[in-house]
Amino acid sequence: MPRRRIGRTTDLRRGDRVRGQRTRLEGTAVSDGFARFTDRSVVAMRVNGDLKDLATTLTVDDVVEPVTIDSADGLAILRHSTAHVLAQAVQRINPEARLGIGPPVTDGFYYDFDVAEPFTLEDFKPLQKEMDRIIRQGQRFVRRVVTEDEARAELENEPYKLELIGLKGGSDAGDAGESVEVGGAELTIYDNVDPKSGETVWKDLCRGPHLPSTRMIGNGFALMRVAAAYWRGSEKNPQLQRIYGTAWPTKDELRAYQARLEEAAKRDHRKLGRELDLFSFPEEIGSGLAVFHPRGGIIRNEIENYMRERLIANGYELVNTPHITKGHLFETSQHLNWYKEGMFPAMHLDAEYDADGELTRQGQDYYLKPMNCPMHNLIYRARGRSYRELPLRLAEFGTVYRYEKSGTLSGLTRVRGLTQDDAHIYVAPDQVKEELARQLEFVLETLRGYGLNDFYLELSTKDPEKFVGTDEMWEEATETLRQVAVDSGLELVPDPGGAAFYGPKISVQARDAIGRTWQLSTVQLDFNQPELFELEYAAADGSRQQPVMIHRALLGSIERFFAILLEHYAGAFPLWLAPEQVVAIPVADEYAPYLEEIVARLTSAGVRASVDRSDDRMQKKIRTHTTGKVPLQLIAGEQDVAGGSVSFRFLDGTQLNGVPVDEAVERIRRAIAEKELVLTAWAE
RNA sequence: GCCGACUUGGCGCAAUUGGUAGCGCAACGCUCUUGUAAAGCGUAGGUUGCGGGUUCGAGUCCCGCAGUCGGCUCCA
């Protein structure tokens, strides 16, 4: 049977026509993907819906679709095959290395190895070289079905693979990575065959499918980083050494990917936070505990002030609660039961001892609060509640402390001290649906105010291992959330098992300026706490009823939201958020008084403006404030003074010269009031 | 918490095989500055994250701790 088609002359016209279409074999000839698809970019195919190698034999009745290398499936196959090449290279260099798993992941792949010495970056060069050699050799990936016994015999030196073979029989071979190895209906080994000698040079237990030849990997791959990873994802298991790589159909696409990473690195909020003097993490205070500098403080306050305006305009009542509480409260709320690991350890206070060291007064445990809801429940419970008060919406910028593991801390996005914009809404059961819809609308509208406007929703449903309440409650609430989500018209992604133990939730995911998604707001039902806290209200008929509780965080944490906005805007904030909104630069010092007058008008109108009277030259000042991301520079010299005007310079270097002062002041005020993002000269 | 890498003045970086810390920016001072991204000269600033050890000698080597980064696990 004809096999290799890579590198031969192909009929691209036919390939183009065939691409993406289902075809049915005509006549009676037995065929395979090579015969069927002549387009070189076709690397695999879907046969009756299943991904298969091109070498798979096709029958007359098969419905076959081509899988091109640039499709999602094709990229995954490319990356998976590249992972195999990496593993082969590793074992060529270090025959002692034992294989873990090597699946494709977003934008790349990884392969886990058990090696005596962890990999370092220095290992990459020889590994890449070896991979190049394997790729140029044009090894064929050849699928071979084996029995369990055969597989065990062939892989006797690969203990991890043997473990996977053992798992296949069991019920728990469900993990995404593992299923790449043994997830198929039958056990298969992929042989890497030297096309010249026909000799098998390497092999791996694998479900496939794979590229027809290593040659198709080309030069669009790169090794990225090393890491350790627990075998089969459990910290109870030993750690393997993982190498991450990326692979693309062409070198250009690889370069584009690397450029995207660089763009993201440029926006890194930790870097910008330092450069723009916004915040820091003093070692003296402790890991994951941020301090906001004056400029960061302005941004943070603007974020909060806008939020407060929105809350008040939407029927919320602002409350305030302490940061520390007796342990009993978190026993009532069950946090000490479910989440003690994530809480700072107790402070044991008020115990007294006599001279003999005997306890004379019982002390008690106080905890830093990891959540605000128990405190809000106490406010609800502070007096009798009537159905007339519902929905009762309590909101707070509540600072909480969580003992995150040291290895998980990361800039402002994962901290130990954070301020949640936290709201708890207590409603009668028949108000749930309307309130949820209202909340979702409120959340989206508010996020748009911050300049985010590309959203999708995620519905997190019951984790069968970890939940309270009845199945009926969950089903009803989940269905309500689903309806509200569907009514919003936004894309809805299911997150099965992702809910917290006390209720299902909807979360809003926002895409930022460079297409990354962040989980922001959550709207979450809670059947548990109203019961634990014995919350109730007097219904119209005088009976006592239990309210339903809705947790609603809009920004997540202020710190994390700050980081997201900082990266979204790459430090160049919309006018209303910018720490310095206007800097005035005189062409020479003698024009400074003229600008002082204009700036005085601006500051008295609430604009954050100043005149740069340092003894730098004008060009230097322009540079300083451009790199400092000040959105508006006002420049004046002889011409503007004579004309009673002023000249604007914008962040991208565009200018608007000779603007009458009254007009300039008014335009600036308007841009702030309307939350404009001003990066270039505005069109009048 | 686990694995690995890293930690030099406010920031970004240098310091041959271990020989006793330099540069740029920022800061400060002086002189200069007339139209849109870096004027010139000078001054000050570091017990090289912290604590031990090896050595005649440690920023360089070893051990411990802390912090940061990349992953894993976790994320109410």
Quiz item: Taking it one step at a time, do A:Phe533 and A:Tyr380 satisfy ring pair (Phe, Tyr, Trp, His ring centres under 6.0 Å)?
Solution: CA-CA 10 Å; A:Phe533 281 82; A:Tyr380 181 95; over 10 Å; no

Exercise. Evaluate the criterion ring pair (Phe, Tyr, Trp, His ring centres under 6.0 Å) for residue pair A:Phe109 and A:Tyr111; output intermediate values, then yes/no.
Key: CA-CA 7 Å; A:Phe109 62 88; A:Tyr111 212 113; 8.8 Å; no

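Look at B:G35: it lacks any Watson-Crick or wobble partner with both distances under 3.5 angstrom. Remark: B:C50 base-pairs with B:G64; criterion is Watson-Crick or G-U wobble with both hydrogen-bond distances under 3.5 Å. With a cut-off of 3.5 Å on both pairing distances, B:A15 has no Watson-Crick or G-U wobble partner at all. Using N1 to N3 plus N6-O4 or O6-N4 for Watson-Crick, or N1-O2 and O6-N3 for G-U wobble, each under 3.5 Å, B:A44 pairs with nothing.
The residue among A:Ala499 and A:Asn657 whose nearest nucleotide of RNA chain B is located toward the 5' end is A:Asn657.
Side chain of A:Thr408, nearest nucleotide from B:A66, B:G35, B:U73: B:U73. Side chain of A:Gln239, nearest nucleotide from B:G67, B:G71, B:A38: B:G71. Ranking B:A76, B:C74, B:G70 by closeness to the A:Ala227 side chain, first place goes to B:G70. Listed nucleotides: B:U34, B:A39, B:A76. Nearest to the side chain of A:Tyr591: B:U34. Of the candidates B:U36, B:G1, B:U34, B:G1 carries the atom nearest the A:Tyr230 side chain, counting heavy atoms from C-beta on. Checked against B:A37, B:A76, B:C72, the side chain of A:Arg649 finds its nearest nucleotide in B:A37. Of the candidates B:G1, B:C69, B:A76, B:C69 carries the atom nearest the A:Arg270 side chain, counting heavy atoms from C-beta on.
The phosphate of B:U73 (OP1 or OP2) has no side-chain N or O of A:Arg232 nearer than 4.0 angstrom.
Among the protein residues, A:Glu638 comes within range of the nucleic acid bases, having at least one heavy atom under 4.0 Å from a base atom.
Here A:Asp471 pairs with A:Lys462 in a salt bridge; the nearest charged N to carboxylate O distance falls below 4.0 Å.
Between A:Tyr569 and A:Phe573, the ring planes are tilted. Angles from 30° to 60° get that label.
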